**Student:** 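Here it is, the structure in full.
Heavy-atom basis, side chains included; hydrogens, waters and symmetry copies ignored. Keep in mind the model is a prediction, meaning the values are calculated, not measured. The chain is numbered in sequence order, starting from 1.
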Amino acid sequence: MTRTRASVTLLLAAAMALVLAVPVGAAKGENGGGNGGGKGGGKPTTTAPTTTAPTTTTTEPTTTTAAPTTTVPASDRDPILFVHGWNSSGSTWDTMVGRFLDDGYAAEELMAFSYNTSQSNRTTAADIADRVATLLTLNEADQVDIIAHSMGSLSSRHYLKFLGGADGPVDTWVSLGGPNHGTDTAYFCWTTACTEMWPGSSFLDDLNAVDESPGEVVRYATWWSPCDAVINPDSSVPVAGATNTRTACIGHSDLHQDATVYGQVAAFID
C-alpha cells in the first residue's frame, strides 16, 4: 500500500490515538473455514483468504489467568501463552482467554502476563522463554502454543529464532496484527521497543534474515486486517512460510476480540 507523506502524517495521529485506547492493564490439524495449514513436511505457502464478516461479541472479559504454582495433570492439548503488544498488558487477552475457558481449557493451561513495553523485544523474549518453561512444567506438557498481538509478535519471534523456541518447545505461533516487517506508526515513539519496530531497523533485519519462520516442527500463522490503522503497510504482518489470513474490516485492537478470528485461531492450533 502506498501513501503520500500527508496521508502518513494523518495516519500517525490516528494510530497514536488508537494505540492509546488499548486497555492498560490457541497446533495440530487444519484450520477451520479453509484457513488451515501445517508446517509438517514443509512450510505452507498458502495465500491469504478473505474471511466472512466478524461477529461482534458482547462477552464480558474474564479475569486474566495467572499460572498456579502446583503441577496439573497433562492433557491432549498444548497450553497457551498469550503475549500482548505495546502500551498494553495481560488483561487485553481477557475476552480470548474467556472463550478458551468456555471451550474447555483449564485455567492452568492459559497464561497471559504483563511486561514493560518500553524495553527491548530481546529482553521480553527472555521472559517469554521463562514463561514457556513454567507452562511446560505446570502442565506436564511437551509443547506450548503462542498467540501474540501486535508488538508481542516480535518478542515471541525472537524467542523462537534466537532462544531455542523453534527447536521443540513451541508447536504453533500465531500473530494477530503483528508489525513483523515494521510499521510507520512507530516513528512517533523513541523507546527501544518502538525503534525496533521502525521499518528497516537492525532488530527486524536480524529477525527476518534467511528464514522468517524457522524450525521444522513449528506451524506459523498470521491474521491481518485491511482496516488496521496501526500496522502500516498492511503487508508488514504476513510472514514467509506462514499461513497468512486476511480478516474482514476490523480494527487493530479488535483482532484479539473478534469472534470469527477467535474461531479460526482456535481451529488452527487444535
**Student:** Going by atom types alone, do R157 and N121 pair a side-chain donor with an acceptor below 3.5 Å?
**Tutor:**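 There is no such pair between these side chains.
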**Student:** Taking the six-membered ring for Trp, is the centroid-to-centroid distance between H256 and H149 below 6.0 Å?
**Tutor:** yes
**Student:** Apply side-chain hydrogen bond (donor to acceptor under 3.5 Å, both in side chains) to T117 and list each qualifying residue two or more places apart in sequence or on a separate chain.
**Tutor:**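 So T117 forms no side-chain hydrogen bond (donor to acceptor under 3.5 Å, both in side chains) with any residue.
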**Student:** So, do E212 and H181 sit near enough that their side-chain heavy atoms are less than 4.5 Å apart?
**Tutor:** yes
**Student:** Going by side-chain hydrogen bond (donor to acceptor under 3.5 Å, both in side chains), name the residues that satisfy it together with D103, two or more places apart in sequence or in a different chain.
**Tutor:** Y262
**Student:** So which atom in S156 and which in A148 form the shortest heavy-atom distance, rounded to 0.1 Å?
**Tutor:**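 S156 and A148 have their closest heavy atoms at OG-CB, 3.7 Å.
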**Student:** Heavy atoms only: give me the nearest P169-V132 pair and the separation to one decimal.
**Tutor:**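 Heavy atoms of P169 and V132 come nearest at CB-CG1, 4.1 Å.
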**Student:** Ignoring hydrogens, what is the shortest heavy-atom contact between I128 and S155? Give both atom names and the distance.
**Tutor:**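 Here I128 and S155 meet closest at CD1-OG, 3.5 Å.
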**Student:** Rounded to the nearest 0.5 Å, what's the gap from OG1 on T134 to CG on L81? Could you check?
**Tutor:**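 The OG1 atom of T134 sits 9.5 Å away from the CG atom of L81.
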**Student:** By the salt bridge (charged side-chain N to carboxylate O under 4.0 Å, His left out) test, which pairs, at least two apart or in different chains, include something from residues 112-136?
**Tutor:**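 The answer is R122-E196, R122-D206, D127-R131.
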**Student:** Which residue pairs satisfy the disulfide (SG to SG under 2.5 Å) criterion with at least one member in residues 122-205, sequence neighbours excluded?
**Tutor:**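 Only C189-C194 qualify under disulfide (SG to SG under 2.5 Å).
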**Student:** Looking at residues at least two apart in the chain, or sitting in another chain, which of them share a side-chain hydrogen bond (donor to acceptor under 3.5 Å, both in side chains) with S225?
**Tutor:** none
**Student:** To the nearest 0.5 Å, how far apart are CH2 in W223 and CD1 in I147?
**Tutor:**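 W223 atom CH2 to I147 atom CD1 measures 8.5 Å (nearest 0.5 Å).
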**Student:** Roughly how far, to the nearest 0.5 Å, is the CG atom of L135 from the CD atom of E140?
**Tutor:** 13.0 Å
**Student:** Can you check whether E108 reaches P79 side chain to side chain, under 4.5 Å on heavy atoms?
**Tutor:**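 No; the side chains remain at least 4.5 Å from each other.
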**Student:** Would you say D145 and T172 are linked by a side-chain donor-acceptor pair, where the criterion is simply a distance under 3.5 Å?
**Tutor:** yes
**Student:** What closest approach, in Å, do L255 and T247 show between heavy atoms, and which atom pair accounts for it?
**Tutor:**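 Between these two residues, the closest heavy atoms are CD2-CG2, 4.0 Å.
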**Student:** What ring pair (Phe, Tyr, Trp, His ring centres under 6.0 Å) pairs are there with at least one residue in residues 193-217, not counting sequence neighbours?
**Tutor:** H158-F203, Y187-W198, W190-W198
**Student:** CG/L204 to CG/L154 distance, rounded to the nearest 0.5 angstrom?
**Tutor:**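 Those atoms lie 6.0 Å apart.
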**Student:** Please report the shortest heavy-atom distance between A112 and G90, naming the atom on each side.
**Tutor:** CB-O, 3.7 Å
**Student:** Can you measure from CZ (F268) to OG1 (T245) and round to the nearest 0.5 angstrom?
**Tutor:** 8.0 Å
**Student:** Please determine, by modelled atom types, if S236 and N180 share a side-chain donor-acceptor pair under 3.5 angstrom.
**Tutor:** no
**Student:** Which atom names give the shortest non-hydrogen contact between M151 and P179, and what distance separates them?
**Tutor:** N-CD, 3.8 Å
**Student:** Set out, in order, the CA-CA distance, both residues' side-chain angles and the distance that settles side-chain hydrogen bond (donor to acceptor under 3.5 Å, both in side chains) for N232 and T183, then state yes or no.
**Tutor:** CA-CA 5 Å; N232 297 313; T183 176; 4.8 Å; no
**Student:** Would you tell me whether S175 and S153 have side-chain atoms, one donor and one acceptor, within less than 3.5 Å of each other?
**Tutor:** yes
**Student:** Kindly assign one of parallel, tilted or perpendicular to the pair F113 and H84, based on the angle between their ring planes and the thresholds 30° and 60°.
**Tutor:** tilted
**Student:** Classify the side-chain pair T124/Q119 by whether it contains a donor and acceptor separated by less than 3.5 Å.
**Tutor:** yes
**Student:** Any chance you could measure T243, atom OG1, to Q264, atom CD, to the nearest 0.5 Å?
**Tutor:** 11.5 Å
